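What follows is one structure encoded as structure tokens, with my remarks underneath.
From a predicted model like this one, the values you see are computed outputs, not experimental measurements. Throughout, protein chains are lettered first and strands after them, A, B, ... in sequence-line order, and every chain is numbered starting at 1.
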Protein chains: 2
Amino acid sequence: MTASSTPRLPRKPRRSMADDVRENKREEILAAAEALFFERGYAQTTVADIVAALGVTKPYLYYYFNGKDDIFEQLCWRASVACLTSMHTDAGDARPAGDRLQEGLHRLAVANIRYFRAGTFAYRETGALAAPFQARLRAMARVFHRELRDLLQQARDEGSIECGNLMLTSHAIGSVVGFMYTWYKPGGPIAQDDMADEITRILMNIAGFRQPTPKRRARTGANKDNP
Amino acid sequence: MTASSTPRLPRKPRRSMADDVRENKREEILAAAEALFFERGYAQTTVADIVAALGVTKPYLYYYFNGKDDIFEQLCWRASVACLTSMHTDAGDARPAGDRLQEGLHRLAVANIRYFRAGTFAYRETGALAAPFQARLRAMARVFHRELRDLLQQARDEGSIECGNLMLTSHAIGSVVGFMYTWYKPGGPIAQDDMADEITRILMNIAGFRQPTPKRRARTGANKDNP
DNA sequence: CCTACCGATCGGTAGG
DNA sequence: CCTACCGATCGGTAGG
């Protein structure tokens, strides 16, 4: 989290080869557990299921993680962070709010497609999560909705969208990405990039977006080379 | 379901007073279990929790139900039926598709508000449901989306809505009601009837509804007295 | 890094 | 003798 160190000093590589191996094994366990938690649910997935899927034993798993709940929290946290920080925009970003909104919604769609499994744990499996962890997730969700509502309001004020109740609009947008897991599975007929664009269009439609900003046909994207 | 019997013969009341008492007790158990299953999840709710909430004992519960899974399935089934049959319209209904769509979406909103707890079990707790039961739910969900897409297409053909991909629009509509449980709790500042109207407006907006049918300002509603 | 096994707790049901 | 229920305990399995 606190990765702000003085540059120009490539000394002391934080990560040895042994660390990489360890990290790979951790990720293998996380990937196997994520698939099972998503399909069967947290409580219906046993630690024996996870280790069987990997062809290892239970003590192997407990060497890399503190327990079943530890694995679940790590999966849930990283996915929730990726999805719920999508609407964050730099304070110095002077572009029209409509552009920033569209870029944020696109990030939101991409994150929810990328983390389509673990991204659902926070709201599907609340009962399986410890109360303090739930509180941290709720706090992050509040920030997400605040940032989204602020962007919607700014975009409405500048006239690039037309929407009614901001809270309901915000929730409707969150619902479309949050409910995607019930019908969308990556690997289907539609490529992930195309699906992200399609979802972004739907989200912009819910926001009441009318035409791509009449003033100047701005081509938004990941263009952050020069300001 | 098959309640079509010859009238004018009030003989043989199907339901004795003892049956009513039994039915009341069943409903009490179902209500207590529903609240716990919704808040803690199926696996995190024990039979001991349910009976404790009612001040009764486990044999009492097992007299009225075959088990924990039996209770869960009954809750899930009745709620899912109520929500997923909302888009069904009579074959003889000759009104414009836009009106039938709006009426169906309003039923959908009302059903999801009414069954806001057990209505989520089908997609939140798939892992806790037996495979054959899941199959029956999936079949019913398929019918729901087919009926919704048919209505959307008819409404688009008659010009009362403008929407893009019918499948994505249908899923976006289902998402808004399916994800309501994450932010809406009945008993809040907004009355249930008002919330149903508000949700219906959002759903119609997602469908691309433009003004209440320009041709004739039809006032749709539950007015089925005379054709 | 595995085999073998524990303390705790589950859903369900016996006898009375 | 039946029903509707209680206190006590069952077999089986979870995480560890």
Starting from [atom2] on [N], measure out to [atom1] on [X] and report it in whole angstrom.
| X | N | atom1 | atom2 | result |
| --- | --- | --- | --- | --- |
| A:D70 | D:dG15 | CG | P | 15 Å |
| B:K25 | D:dT3 | NZ | C1' | 11 Å |
| A:K68 | D:dT13 | NZ | P | 16 Å |

Which heavy atom in A:H88 sits nearest to a heavy atom in A:R107, and how many Å separate them?
-> O-NH2, 3.2 Å
What pairs with [X] under side chain to side chain contact (heavy atoms under 4.5 Å, CB included), at least two apart in sequence or on another chain?
| X | answer |
| --- | --- |
| B:A172 | A:V176, A:I202, B:I206 |
| A:A155 | A:A97, A:L101, A:S160, A:I161 |
| B:A33 | B:F37, B:I50, B:I71, B:L75 |

Name every residue in residues 36-55 of chain A that has at least one heavy atom under 4.0 Å from any atom of DNA chain D, in order of residue number, or write none if there are no such residues.
-> A:T45, A:T46, A:V47
Sorted by number, residues from residues 57-65 of chain A placing a heavy atom under 4.0 Å from DNA chain D are A:K58, A:Y62
Dot-bracket for DNA chain D, please, read 5' to 3', with Watson-Crick or G-U wobble pairs under 3.5 Å on both distances, ( ) within the strand, [ ] crossing, | other strand, . unpaired.
-> .....|.|.||.|.||
By ring pair (Phe, Tyr, Trp, His ring centres under 6.0 Å) - contacts of B:Y64 (at least two apart) | B:Y60
With sequence neighbours excluded, residues passing ring pair (Phe, Tyr, Trp, His ring centres under 6.0 Å) with B:F116 | B:F38
Listed once per pair and sorted, the side-chain hydrogen bond (donor to acceptor under 3.5 Å, both in side chains) pairs that draw on residues 36-50 of chain B, sequence neighbours left out = B:R40-B:D49, B:T46-B:D49
Kindly write out the residues that satisfy salt bridge (charged side-chain N to carboxylate O under 4.0 Å, His left out) with A:D93, not counting sequence neighbours, or none if the list is empty.
-> A:R95
Output side-chain donor-acceptor pairs under 3.5 Å for residues 180-191 of chain A, partner residues at least two apart or in another chain, one line each.
unit_1	atom_1	unit_2	atom_2	d
A:Y181	OH	B:Y123	O	3.2
A:T182	OG1	A:F179	O	2.8
A:K185	NZ	A:Y181	O	3.2

Which residues satisfy the side chain to side chain donor-acceptor pair (under 3.5 Å) test with A:Q192, sequence neighbours excluded?
-> none
